[in-house]
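These notes concern the structure reproduced below.
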Amino acid sequence: MGARITVADAIGRTVAALGAAHIFGVVGSGNFHATNAAIAAGVPFTATRHEMGAATMADAYSRATGRVSIVSVHQGCGLTNALTGITEAAKCHTPILVLAGDTAAGDTTSNFHIDQDAAVLAIGATPARIRSAATAIGDTADAFRLALHERRTVVLSMPVDIQDDSVEWDDARIPPAGAHAPRAADADSIARLAELFSSAERPVIVGGRGAWRAKAELRRLAAASGALLTTSAAARGLFVGDEWALDIMGGFATEGAARLIADADVIVGFGVAFNTWTTRNGALLERATVAQVDDREEAVGLHRPVDLAVLGDAALVAAAVADALEAGGPRTGYRRPEIGERVRAVRYWKDQPFEPHEEPGRIDAQSLVNALDALLPIERVVVPDGGNVNCYAGAHLRVPDEQGYCIPLSFQAIGMGLAAGIGAGVAQPHRLAVVGTGDGSFMMSLVELDTAVRLGLGMVVIVFNDEAYGAEVNLFQGETARLDTVRFPETDLAAVARGFGCDAVTVRRLDDLGPVAAWLNGPRDRPLLIDAKIVRYPSWMMLRNSSIREGAEAPARV
């Protein structure tokens, strides 16, 4: 007979035994004991200042490591505070388990009462529940396995009355997590995909988040088929170092890279959604025969129809098709010398010509980010936030590999960059976390600077500060001068950051970057915030919208 412990302790011990990687959370009465039990069983814990920060950190951590991380929140309001971050994770199929306290069954008069399962289901996450003391260990293990093997974001509600019940504890009672068997494609699908590659003169292979574990197989397939390689934003960095790889596809691509992709006659995506951002609203796929490889049936054709659907694991499919193509001898495809020269020329934004914009006392954002790209070490993890400025960190800062990039924008919520940078930095302490955010986004989440300082996290936070919600200013300035709702007074964000214990510098010209170099040469034992007072002009990505481009060149109308 094992010892009797509370259900709360059993939940914490169970997630630890199953391999929970890290806990991020805000602890209240409803999650206090389960959290402490997991910590006591060896799971590292980071106390965040807000529940959305906890969810966003866990999302970034699990993306970087592939392991299940834990978000721990109080019942009711603790969960609702975290919902935006949980939604982002759910849209990205990030394996996260949320341990959420819950009110006792039938206690509808509690201030904390909401229908948690309904709320979780509404945002696309997976609800789960501790049903009784007798089932608590199994319920916890089932929720953990759903997150691990089905790449789901699972919210496990823990009623406070059941948490107080007792249960007999024995390690042997924990069902093993088991291994996940990758899905193999059928022979006919492999043959059809091999035939498509064989007929292609200008093939392009696109790797998405679902292809992270297929890097070697996709490079082999590209060599066998003569394909160029590129990635979605979520998988940026996957093919770094391959001479035939473009940096990124979609909205963040250079114009030259976009032209090479748009000229393809066959485009095959592995683990990629082909959404509006990746395809530039479909324009990059218009001339090509398009195939999509994914191990989830519901993902195929979700955003736009494809000509060939292949259900299977990216690595298994790529290896099988490469086998078939190699049997027929090498192919040149898109890999011609003149194309190789173009790939090298258009791969990175740092190499593209541009005219800096000028405004007294302010720095051109593109000039700034290109200078920082050269100054900051390449062993980094880059995290862009949303808004007008997201392309500067998102596209200009190079990355060392796929683990060196985290883009928390599947929900298009702004204000997630700082927390995601902390989560990515905790997951990869050997790398410099670099966050690029706007002042509007940063002000939503700056409380997590306290978390970064407590962790002693040497990270760089670049605030592209135009004293506005810049995207909205750019969208509407051609229609009206009434923009006070989205413009704000100048704020000394460097002083705010110092108040939290960060190092900080205000940048109005490139000569102001000296303290950044000094910080890099120091112990890097606290965050560095760069309050960059940028020229108030639409980013190059927003200028692709003709109405924004016209508004930028003409005075606003009243």
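The pair D401-R431 counts as a salt bridge, with a side-chain nitrogen and a carboxylate oxygen less than 4.0 angstrom apart. A salt bridge does not link D9 with R13: none of the charged nitrogens is closer than 4.0 Å to a carboxylate oxygen. At a threshold of 4.0 Å, the pair D313-R183 does not count as salt-bridged, since none of the basic side-chain nitrogens sits closer than that to a carboxylate oxygen. The existence of a salt bridge linking D170 and R173 is excluded, since no basic side-chain nitrogen approaches an acidic carboxylate oxygen closer than 4.0 Å. With respect to the salt-bridge test (charged N to carboxylate O, under 4.0 angstrom), the residues D139 and R131 qualify. Salt-bridge formation is detected for the pair D295/R151: a Lys NZ or Arg NE/NH1/NH2 atom is positioned less than 4.0 Å from an Asp or Glu carboxylate oxygen.
Surrounding CG of D188 are more than 12 heavy atoms belonging to other residues, nucleotides or ligands, all under 6.0 Å away. Counting non-hydrogen atoms of other residues, nucleotides and ligands closer than 6.0 Å to CD of E297 gives a total of 12 or fewer. Annotation for F45: atom CZ counts as buried by contact number, over 12 foreign heavy atoms lying within 6.0 Å. The number of heavy-atom neighbours closer than 6.0 Å to CH2 of W244, taken from other residues, nucleotides and ligands shown, is above 12. Atom CD of E379 sits in a crowded spot, with more than 12 heavy atoms from other residues, nucleotides or ligands closer than 6.0 Å. Around the CZ atom of R49, the shell of radius 6.0 Å holds no more than 12 heavy atoms that belong to other residues, nucleotides or ligands.
With Y405 as the aromatic partner, R236 meets the cation-pi criteria of under 6.0 angstrom to the ring centre and within 45 degrees of the ring axis.
When every heavy atom of E150 is checked against every heavy atom of R152, the shortest pair comes out as OE1-NH2, 2.5 Å. Taking both residues in full, the closest heavy atoms of Q163 and M158 are given as NE2-O, 2.9 Å, listed atom of the first, atom of the second, then distance.
Note: I205 CD1 to L221 CG = 4.0 Å, rounded to the nearest 0.5 Å.
In this structure, the side chains of R209 and R63 come closer than 4.5 Å at one or more pairs of heavy atoms.
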Carefully, step by step, assess H74 and F32 under the rule ring pair (Phe, Tyr, Trp, His ring centres under 6.0 Å). CA-CA 8 Å; H74 188 58; F32 184 88; over 10 Å; no
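Aromatic pair H22/Y61: centroids less than 6.0 angstrom apart.
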